[in-house]
Amino acid sequence: MSVLLYIDPGTGSILFSLIIGLVTTVYFVAKQAFIALKLKLLGSSNATQSRGSQTIVIYSEGAQYWTVFQPVLDELEKRKIKATYLTSAENDPFFSNSYSCITGEFIGKGMTAFSRLNFLEADICLMTTPGLDVYQLKLSRGVKHYCHLLHDVGDATCYRLFGLDYFDSVLLSGEYQIAGIRELERKRDIAAKELVVVGSTYLDALSAIAVNSRDGRSGDFTVLVAPSWGPSSILSKYGSNLLDPLVQTGYRVIIRPHPQSRVSEATMLAALERRYASYANVEWDSSRDNVDVLSRANVMISDFSGVIFDYAFLFDRPFVFLNQAFDPRPYDAFDSSEKPWKFSAFSEIGREITPSDFPEIGAILTSVAADKSLSAARARTRDVAWQRRGEAGKLVADFLVSKARV
Amino acid sequence: MNILYQITIFPVVTLIEVIYRAIESFLRNTGFSIIGVSLTVNLLCLPLYAVAERFQCEERDAQRRMKRGIDNIKAVFKGDERYMMLSTFYRQNHYHPAYALRSTFGLLIQIPFFIAAYKVLTTLPDLLGRSFWFLSDLGSPDAMLKIAGFSINVLPLVMTAINVAASAVYTKGFSAKEKVQLYVIAALFCVLLYNSPSGLVFYWTLNNVFSLVKNILFKSRHAGKIAYASLTTVIGLAVLGVFLRDTSSRQRTFALLLFSLVALAPLIVKSVSFALRVVGKRLADTPRKTTGIFIISMIACGLLIGLVIPSSLIASSVREFSYTAQYENPLSLLFSVFTCSLGFFVFWPLCVFFLFGKKTRDAFAIFALLAVAIFSINAFIFQGKYGTLSPSLFFDDPGALKAAVAPFHLDIIAVVIAAIVIIFLLLKTGAKIALPAVTLVAVSFFVFSTVQAHAIAKEFSSIRKTHESEDAVGSKPSSVYSFTKNGRNVLFIMLDRAIGPFVGDIFKDDPKLNESMSGFTWYSNTFSFGGHTIMGAPALFGGYEYTPEKINGRANETLLKKLDESCTVLPRLFAENGWAVTVTDMPYGDYAPYKSIKAYQLNGKYQDDWLIENGMGDFLNTVKHSTSMNRKMLFFGFFKISPAFLRWTIYDMGGYWEMDSDTQSRYEYLCSYAALERIARLSRFDAAGNSFTIIESDVTHNQTFLQYPDYAFVPKITDLGTNAFQSSVTWQLYHVNSAAFHSLGRLMEALKAEGVYDNTRIVIASDHGFKNILYKDRTRYPSYFKDESIKPSYFSPVLMVKDFGATGPLREDRSFMSNADVPTILSTGVIANAVNPFSGLALSASVDKKKPRLSEQHAGRLVDHNTNTFRIGDDEWITVHDSIFDESNWKWEKAR
């Protein structure tokens with residue numbers, strides 16, 4: 001067997017060079033073919049892509065935002081610009097209108113809607129939904145530009161954390177909102193957004209309606225309780241402590257909870273509804289538009305909700321507020337160095353109360369309702385918060401068109 | 001599990017072993033070697049620790065920076081919303097919760113090093129019984145304090161104290177959580193190592209000292225300068241020490257080299273990093289391609305060393321790597337080598353690569369690319385000629401390796417040119433050409449290996465068939481040989497590569513052999529016609545018709561046919577004359593057509609039984625689980641890819657830098673030895689007619705050390721006797737030759753006991769000698785030869801004859817003989833008119849000893865020769881006449 005013990009560690013050099021030659025050839029031929037194929041495929045696929053995508057898409061999270069979008073849709077219709085309106089409200093007022101250029105579609109609610117939107121293809125997508133790419137609603141690769149339209153003339157930093165961070169642009173109601181957004185961009189090291197002051201579409205729409213029904217006040221002294229939502233809102237925070245003395249006054253009390261309360265704080269609301277079920281002077285309002293109920297109120301009680309501005313700007317009526325309990329932590333304002341502007345504005349144009357005022361709430365409200373002295377202040381504040389009045393629909397449409405290939 | 005070990009731990013184990021061996025060979029002191037290993041391993045790991053430290057810093061900073069935000073989100077949000085807010089927050093802070101794992105890297109990195117150090121230092125044979133400083137036995141726990149009969153190990157406690165101190169320095173100003181973590185780990189190590197060998201604890205204590213020093217330095221602002229100054233001082237003092245002591249010039253050169261390397265380190269680092277920045281500039285813009293170059297280059301290296309080289313080695317003789325102690329299928333061995341190689345070239349380099357920043361990565365990519373080029377050049381262009389290789393990867397002529405330098409240092413020139421070309425390429429084109437080029441090389445390596453592996457698989461399946469059929473037809477036959485008491489026996493024992501000049505020494509060393517092997521005549525003035533079995537054995541088995549010259553004279557027949565024929569001459573002659581014929585382990589010969597000839601393969605069948613019968617089951621276990629072979633194969637890869645001047649060092653006398661290098665080769669020795677020892681047990685002594693037997697044995701071919709003075713195989717050798725030779729290879733050969741004769745002595749005793757000694761003619765002969773048998777005593781043959789080109793021991797085989805009825809102690813006969821006389825000796829007087837059954841010529845017909853032509857050609861494989869003839873150059877023929885002992889009788893036919 002000894003012959004097999006002799007092994008020469010020779011390595012098959014010839015075979016090796018043969019293989020190198022072969023592989024080289026195969027490699028270059030294959031690469032050439034691959035490049036040719038890629039060119040062909042890419043050329044044709046681009047064409048199909050442009051046919052299939054929707055250039056302007058507007059997404060409405062619910063029927064309550066109809067007044068926000070209606071001026072925009074009307075303007076696009078007027079200019080005969082094609083757009084797609086996707087809504088999560090089955091009974092969206094859109095469907096009772098007849099637009100010829102705008103196609104509308106109900107895409108379901110919640111995850112059903114998001115799963116559609118997450119694969120959307122569009123040049124620009126306009127929406128009022130905050131928290132893009134933070135919550136389940138993700139950035140779609142097919143959308144070139146995400147645009148947020150404020151549905152409130154308050155600060156843009158009052159959304160829950162990271163509310164506007166991943167939009168490409170935000171359409172503002174007043175220049176004062178710019179500073180807050182820019183500060184967050186700097187602090188969070190995120191891309192700068194395109195910020196355009198367009199005014200307020202819904203206030204434009206509501207003021208048109210408010211002009212017709214400017215005074216819905218009846219003989220009864222009517223108090224509107226219109227809070228925000230969340231743990232620092234007055235309904236959650238004070239609930240019956242505030243409502244009990246209010247109801248005792250015998251005034252007509254309309255309670256209009258924030259739409260999000262119905263979603264997030266249903267138990268708390270149900271308990272309160274049961275508590276005041278037997279009171280004839282208590283009315284719960286959840287109508288889509290607030291303009292009717294606003295017009296009926298002699299005075300409003302609120303906390304830090306944007307509805308304060310709606311009421312003050314549309315009807316120039318007085319209000320009381322209590323927002324000492326405001327907790328900025330869930331909101332973008334947490335990262336701002338300054339308290340949102342709207343709080344100082346409230347103090348200028350409204351009367352601040354504290355829980356110790358609750359026993360005398362009736363007297364306070366009647367005196368505030370009679371006070372006309374803050375009217376000038378309200379007008380000044382309105383000029384800051386709500387600019388380009390009456391132009392919003394047109395300006396938003398301009399912006400959409402500038403971003404889309406129409 | 002095994003694969004995981006081979007990829008992750010094995011490279012570290014090997015690294016530590018090599019460092020230990022290197023330092024040990026220089027310092028010759030186990031304790032200092034451990035210090036050296038600790039220092040080297042820690043210095044090598046220093047960059048990794050620095051990275052780990054950076055990660056930890058980054059993590060701490062990130063946590064501090066994000067604390068307000070995280071606390072806020074956790075306080076305000078609940079459930080899914082909290083998760084979504086947190087993940088957005090992390091995203092905005094360029095952070096991922098998985099990064100927290102990075103900060104445990106500092107701890108993580110110690111684990112493989114710990115396991116590896118544990119493995120090396122608990123199994124280190126050097127530790128046992130060695131004392132160092134205050135430690136009496138590095139191989140067992142120190143047990144320094146003895147209180148009331150209990151012994152307490154002090155060193156682990158010292159180690160823990162240092163560990164705690166190091167942790168305290170390190171965690172200054174950290175959170176309590178981090179502090180506790182480190183103290184718990186310190187306690188854990190104390191428990192883990194309490195009962196370990198003090199050598200290992202000593203090693204870990206040194207690591208902790210290093211870590212303490214490192215932590216103090218890291219807290220200082222001039223860490224680099226202090227480290228440099230102290231290291232230079234320490235090494236400077238050590239070098240001074242080397243010079244003051246009585247040290248060799250080699251040690252002094254090494255010490256000076258080390259010192260200058262350390263002293264100039266900042267300069268070297270700066271200039272290298274400057275050069276890399278210049279070259280790396282083109283790569284800087286394409287980080288992904290840089291990563292690609294690095295990964296693919298490392299894969300190419302892994303494939304070259306783990307598949308290409310071992311697969312061609314295995315493919316060159318699949319049989320040798322089949323059915324070994326550890327691997328039935330040679331592809332398993334190949335796979336195992338490959339996983340080890342992946343650990344070395346892919347896993348660890350990638351781990352290190354991704355730890356570093358962009359600039360360092362560029363440098364890594366450049367080095368990786370250079371490595372592929374240099375490795376390939378060395379492996380494929382400068383293969384070198386170092387003689388043949390045994391299955392345990394010993395070269396039979398390692399001396400050639402020591403002297404081996406490529407002509408004009410062409411290898412180094414080629415490497416430099418390749419490096420310049422690559423650097424130029426990178427400067428001009430960046431990754432554009434380099435990436436596809438290295439990909440091409442990697443793919444080629446893969447394809448090449450696949451082709452080789454396929455060939456191996458194919459050949460193995462045919463080997464498996466014969467193996468299984470051998471197994472079926474009585475795999476371990478219980479009766480092979482037969483002897484007659486009434487008629488005559490002729491027994492020929494062929495010892496492959498047994499060395500003629502050794503015979504006298506062996507009988508002198510153990511005079512009892514004169515009694516057991518009585519009646520033998522030793523023909524000391526005997527030559528063989530070749531230096532390898534392929535050219536020496538044919539004449540030995542077939543006579544003068546089969547000398548290299550005669551075989552080449554029959555140029556119309558295939559070489560293999562003639563080799564087979566030579567080994568069949570005697571069996572046929574005796575069989576055709578009515579003798580019972582048995583042959584075992586013959587190197588050539590196709591006996592299938594001759595039904596009356598019984599042929600067996602016994603080599604490799606009895607060693608496991610032998611080990612168990614002799615109470616060495618543990619050794620057998622070690623062999624079966626040894627990683628020796630795949631490790632050796634891997635190092636053989638390192639050997640092949642390195643420049644010629646490094647190969648001698650890597651070869652390491654065939655040990656390839658292993659701590660326990662010879663388990664495998666010793667097992668191979670046993671494969672032959674056990675078969676030789678078994679002869680008597682495999683024999684019947686009641687044959688009716690005459691009996692002719694040829695036994696071939698490789699005992700004398702496997703160089704290994706054995707236990708002096710009996711040359712017995714023992715698990716742990718403690719006495720080697722004295723070395724009379726100039727090289728340890730020769731000394732080992734002397735050991736195995738002695739062992740063979742001791743075994744034969746026992747066989748003769750057995751034949752005597754059975755009453756078949758006197759009626760048996762016995763010839764013991766070898767097919768050839770060994771190239772470099774050189775005694776320290778220069779007056780002994782062949783050490784006094786002046787012309788170094790003549791290597792007479794190559795052609796000095798054993799030839800011993802005991803005729804029927806011969807008695808008395810060993811008698812030396814100085815008649816001029818050749819081992820081609822053996823067929824005549826065997827047949828004389830027992831077969832009338834003995835003729836070669838193939839040629840019809842009388843066996844003694846063509847004897848011409850006046851001017852025999854010996855072949856100096858040393859290609860040992862059939863494939864190295866022509867199909868029909870030996871490939872022997874005109875300047876490779878040498879002649880000798882009358883006396884092999886006289887240098888003037890040896891003449892090259894054509895002057896060299």
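Lettering follows sequence order; numbering is per chain, from 1. All values derive from a computational prediction rather than experimental measurement.
Heavy atoms of Ile190(A) lying under 4.5 Å from chain B belong exclusively to its side chain. Using a 4.5 Å cut-off between heavy atoms, Tyr83(B) does not touch chain A at all. Heavy-atom distances place no part of Ile381(B) under 4.5 Å from chain A, backbone and side chain included.
Under a cut-off of 6.0 angstrom, the local environment of NZ in Lys187(A) is crowded, with over 12 non-hydrogen atoms contributed by other residues, nucleotides or ligands. Taking a 6.0 Å sphere around CD of Glu338(A), one finds it holds 12 or fewer heavy atoms contributed by other residues, nucleotides or ligands. At most 12 non-hydrogen atoms from other residues, nucleotides or ligands lie less than 6.0 angstrom from CZ of Phe446(B). A 6.0 Å sphere centred on NZ of Lys562(B) holds more than 12 heavy atoms belonging to other residues, nucleotides or ligands.
Contact check on Arg68(B) versus Asp335(A) returns a salt bridge, with a Lys/Arg side-chain nitrogen under 4.0 Å from an Asp/Glu carboxylate oxygen.
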**Message:** Assess the residue pair Val76(B) and Phe334(A) against the criterion (side-chain contact (heavy atoms from CB on, under 4.5 Å)); give the C-alpha distance rounded to whole Å, side-chain angles, the decisive distance to 0.1 Å, and a yes or no.
**Reply:** CA-CA 11 Å; Val76(B) 178; Phe334(A) 175 74; over 6 Å; no
**Asked** Does the side-chain contact (heavy atoms from CB on, under 4.5 Å) test come out yes or no for Arg91(B) and Tyr166(A), once each step is laid out?
**Response** CA-CA 12 Å; Arg91(B) 176 157 44 128; Tyr166(A) 298 99; 3.8 Å; yes
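Donor-acceptor pairing under 3.5 Å is lacking for the side chains of Gln92(B) and Asp189(A).
To the nearest 0.5 Å, atoms CZ (Phe162(A)) and CE (Met84(B)) are separated by 12.5 Å. Rounding to the nearest 0.5 Å places CZ of Arg188(A) at 10.0 Å from CG of Asn93(B). For the atom pair Leu161(A) CG and Phe89(B) CZ, the distance stands at 9.0 Å (nearest 0.5 Å).
Of all non-hydrogen atoms in Thr88(B) and Asp133(A), the two that sit nearest each other are OG1-O, 4.3 Å. Considering all non-hydrogen atoms of both residues, Tyr135(A) and Met85(B) come closest at OH-CE, 2.9 Å.
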